[in-house]
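Below: the structure, in structure tokens.
Numbers here are sequence positions counted from 1. Atoms within a ligand are numbered from 1 in the order they appear, just like the ligands themselves.
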Amino acid sequence: MLFFPVQVFLISPLKQNATKSLVHNFSTSEALSACFKIALIQVKVGMDKAKNVANAVKEIHKAKEKGAQLVALPEFFNSPYGTQYFKEYAEEIPCGPTSAALKCAALEAGVCVVGGTIPECRRKKFYNTCTVWDEKGNLVTVHRKLHLFDIDIPGGIRFKESEVLTAGDEITTFCFKGIKIGLGICYDVRFFEMAQLMAKEGCSMLLYPGAFNLTTGPMHWELLARARANDLQLWVAFVSPARDNSAKYVVWGHSLIVNPWGKVMKMLDEYPGTIIMDIDTKVVEDVRRQIPVRCQRRTDIYDTVGYVKKN
Ligand SMILES: NC(=O)CC(=O)C(=O)O
């Protein structure tokens, strides 16, 4: 087998700006300052889908009572995590019951809901999909997990999402109160290039519903959140389900928010809970002004991303 080094430009289908071919300098006029209150809801997920959804809806309303304006749920909040469950729990978007419940919760509470993820069936394929609803209950966007979680760590964990799921093929950002938020799902966070594209698009925050496990969680969960926040100088939030030790896939929990300095501002343990936090995107500007790596890049040396293409 021959391997050829190939130089490629980072060009990607960005939903908000599909026609824009990306250059490698960060735009300077992108981020408007805004303050908002975010809630990250770490719920326990069981076998009963209706109960999982009702519980999430109840927590959305509680977060609203605490002043939250944007409420985010975890990965697979309506379904247990496991390839054996995805087809059974899958729904069409937006006409399934989970979409209906999220739409209604967003409208009744008057908040933006980032609906974690659910198994989605679409044209005979299955996806791991995040929906975003505005405070009027309109579906703003969907993100389908781009990188499927296929790993094998002997003595640790083996998981193969691709046995059942199909990967999405678009990068997704959306606007909330004038700022751009980038969406990724769990394993997506390991792929720096994806996060970098969203930062280049002008995101001030990256939000990842995720469900790491007891092997990778302690090693990489906080590390990855801080790495993305520090490298890209933006807010990063991860939202996990709470831990259920009787589940086949035991999640790490530890939903967290990291500021653009790379500092963990709030982190839960493994139990159900909610993080409520004021997000000020002015911090993004402050960090970027004080440590101006974005305009110090030696793009003359590394303007392109090299990879090795199999032929
Ligand atoms: N569950 C995932 O998608 C990712 C994960 O657990 C990991 O990257 O580790």
**Prompt:** Are M219 and F149 linked, directly or through other ILVMFWY residues, by side chains that come within less than 4.5 angstrom of each other?
**Reply:** no
**Fill in**
So the salt bridge (Lys or Arg N to Asp or Glu O under 4.0 Å) pairs with at least one residue in residues 126-136 (sequence neighbours excluded) are none
**Fill in**
Applied to residues 66-81, the salt bridge (Lys or Arg N to Asp or Glu O under 4.0 Å) test, sequence neighbours excluded, yields E75-K145
**Asked** Hey, which residues fall under 4.0 Å of ligand 1 on heavy atoms?
**Response** Y81, K145, F149, C186, Y187, R190, A211, F212, N213, T216, Y249
**Complete:** Residues joined to M47 in its hydrophobic cluster, side chain to side chain under 4.5 Å directly or through other members, sorted by chain and number, are Y85, Y89
**Fill in**
Rounded to the nearest 0.5 angstrom, the NZ-CD1 distance for K200 and I171 is 10.5 Å
**Item:** Flag for Y208-D188: side-chain donor and acceptor within less than 3.5 Å
**Value:** no
